Amino acid sequence: MTNHNALISDAKASIGVAVRVPNQSLFSPGGGRYISIPRKKLVQKLEADPSQTRINTWIEAMRASSPTRTRPGNISSLPESKEDEHSSWMAQHPSALSMFEEIAEASKGKQIIMFLDYDGTLSPIVEDPERAYMSDEMRNAVKGVAKYFPTAIVTGRCRDKVRRFVKLPGLYYAGSHGMDIKGPSKKTKHNKNNKGVLFQAANEFLPMIDQVSKCLVEKMRDVEGASVENNKFCVSVHYRCVDQKDWGLVAEHVTSILSEYPKLRLTQGRKVLEIRPTIKWDKGMMWQEKYKKEALSLFERKFIN
Ligand SMILES: O=P(O)(O)OC[C@H]1O[C@H](O[C@H]2O[C@H](CO)[C@@H](O)[C@H](O)[C@H]2O)[C@H](O)[C@@H](O)[C@@H]1O
């Protein structure tokens, strides 16, 4: 996810408005965003197919998730069908910056909570995931936002790691795709009772994830450029630095290990395969109507009552 998300919660009517803002690069000059390719159906099909074609289809999916990079507002380098896709995506997810007045109007009397992704949003996408640093300029921007609104960093990464990158106390951190959420441990304007809320939805999976992570590290030794990142409740297998001719090997290793763990599932991000528990929870669900209250209760009950 490369978008900033503003969620406006209306407690009385129990409705919420989620606004996605295309990433206006505040970080490196080379920053920008990737056009997202819908792959939900493809992934569903993959998860249902147990044979060798499964590996091939994952390779296709890995290729499909490596679209042309564009600068914000510049889609002229895309083929026509991609332009249409981009336009319809933009129609459904208008820029919050171009609709500022409407959002201000819609948020009157409501509590705004900021949910921010980390990789590709607060930090640039880089080859080495351990070096995806956030600029001081961006840190100050987030700090400024957090003065006015309860603010959460929501990421696929391990919560502790992203906390070390962001280095801001007083925020909520939701790691492992929302399976590990912790509120500020120190008293803030938005967290006066200093509870340091902790929510971990997939505790029982910890030993399994650890085991899978170790197996993947072993297997990936023979794939040049591949790396494994243990994100505590999920594991990432990075292939950004793997030669495309070896992507098949990556898919093969991952699917063969996963076939022994029916309680885990495989999803895909930008040049990364992610292994996660099958529990029905991810960071996107936090702002879906049926889960929102549960998640928002972590962000201080008083804001939504
Ligand atoms: O869903 P997200 O919060 O965006 O997390 C997805 C993955 O983000 C990180 O990887 C991405 O950023 C890396 C650093 O720029 C880049 O090298 C990698 O190719 C990207 O996929 C994170 O390292 C992964 O663990 C997350 O799965």
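Each ligand, and each atom within it, is numbered from 1 in the order the structure gives. Small disclaimer: the values here were computed from a predicted structure and weren't measured. Every heavy atom of this structure was used, including side-chain atoms; hydrogens, water molecules and symmetry mates were not.
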| task | Step through the shown structure and confirm whether more than 12 heavy atoms of other residues, nucleotides or ligands are within 6.0 Å of CD on Q244. | result |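 More than 12 within 6.0 Å, yes.
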| request: Within a distance under 4.0 Å of any heavy atom of S236, pick out the atoms of ligand 1 and give their elements. | output: 24 (C), 25 (O), 26 (C), 27 (O)
| Is it true that R131 lies under 4.0 Å from ligand 1, counting heavy atoms only? |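 Contact absent.
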| Enumerated ligand 1 atoms positioned under 4.0 Å from heavy atoms of P129 | 14 (C), 23 (O)
| field | Salt bridge R139-D136, side-chain N to carboxylate O under 4.0 Å | value |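 D136 and R139: salt-bridged.
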| query | Which of the atoms of ligand 1 are close to E274, meaning less than 4.0 Å from one of its heavy atoms? | reply |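 Counting atoms of ligand 1 from 1, those under 4.0 Å from E274 are 6 (C), 26 (C), 27 (O).
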| request: May I ask you to check whether over 12 heavy atoms, not counting those of E102, lie within 6.0 Å of atom CD? | output: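 Yes, because the 6.0 Å sphere around CD of E102 holds more than 12 heavy atoms from other groups.
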| said: Using a 4.0 Å heavy-atom cut-off, which part of R270 comes near ligand 1: side chain, backbone, both, or neither? | reply: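 For R270, the contact with ligand 1 is made by both the backbone and the side chain.
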| said: What I'd like to find out is whether the side chain of E224 reaches to under 4.5 Å of the side chain of D243, using heavy atoms alone. | reply: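 Heavy-atom side-chain distance check fails, nothing below 4.5 Å.
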| query | For atom 14 (C) of ligand 1, which of T121, V126, V237 has the closest heavy atom? | reply |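 Considering heavy atoms of T121, V126, V237, the nearest to atom 14 (C) of ligand 1 sits in V126.
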| Checking S123 side chain against Y133 main chain: does a donor-acceptor pair fall under 3.5 Å? | no
| Which is it for D128 and ligand 1 at heavy atoms under 4.0 Å: side chain, backbone, both or neither? | neither
| Would you call K214-D210 a salt bridge at under 4.0 Å N-O? |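 Looking at D210 together with K214, the answer is yes, because their closest N to O distance falls below 4.0 Å.
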| Is K232 close to M179 at the side-chain level, that is, under 4.5 Å between some pair of heavy atoms? | no
| remark: Filtering R240, Q268, E229, R276 for the heavy atom nearest atom 23 (O) of ligand 1 leaves E229
| said: What verdict does the side-chain hydrogen bond (donor to acceptor under 3.5 Å, both in side chains) test give for H177 and N231, after you've listed the backbone C-alpha separation in whole Å, the side-chain angles of each residue and the deciding distance to 0.1 Å? | reply: CA-CA 9 Å; H177 293 287; N231 287 329; over 6 Å; no
| Taking both backbone and side-chain atoms of I125, is any N or O found less than 3.5 Å from an N or O belonging to ligand 1? |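 The answer is no, given that I125 and ligand 1 share no N or O pair closer than 3.5 Å.
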| Aromatic plane relationship, Y239 with W247 - under 30° parallel, 30 to 60° tilted, over 60° perpendicular | perpendicular
| said: Test of understanding: clusters of I, L, V, M, F, W, Y form through side-chain heavy atoms closer than 4.5 Å, transitively. Do M62 and V272 belong to the same one? | reply: no
| Per-atom contacts, ligand 1 versus N231 - under 4.0 Å to a heavy atom | 25 (O)
| message | Show me which atoms of ligand 1 lie under 4.0 Å from any heavy atom of H177. | response | 1 (O)
| field | Whether P124 lies under 4.0 Å from ligand 1, heavy atom | value |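 Distance cut 4.0 Å: P124 passes for ligand 1.
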| note | Per-atom filter on ligand 1: closer than 4.0 angstrom to a heavy atom of G156 are 2 (P), 3 (O), 5 (O)
| ligand 1 versus E127, non-hydrogen atoms closer than 4.0 Å: side chain, backbone, both, neither? |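 Near ligand 1, E127 shows its backbone, while the atoms from C-beta on stay back.
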| task | Could you list which atoms of ligand 1 come closer than 4.0 Å to a heavy atom of V272? | result | 21 (O)
| task | Report, in ascending order of atom number, the atoms of ligand 1 lying under 4.0 Å from any heavy atom of H238. | result |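 Taking each heavy atom of H238 in turn, ligand 1 has 10 (O), 18 (C), 22 (C), 23 (O), 24 (C), 25 (O) under 4.0 Å.
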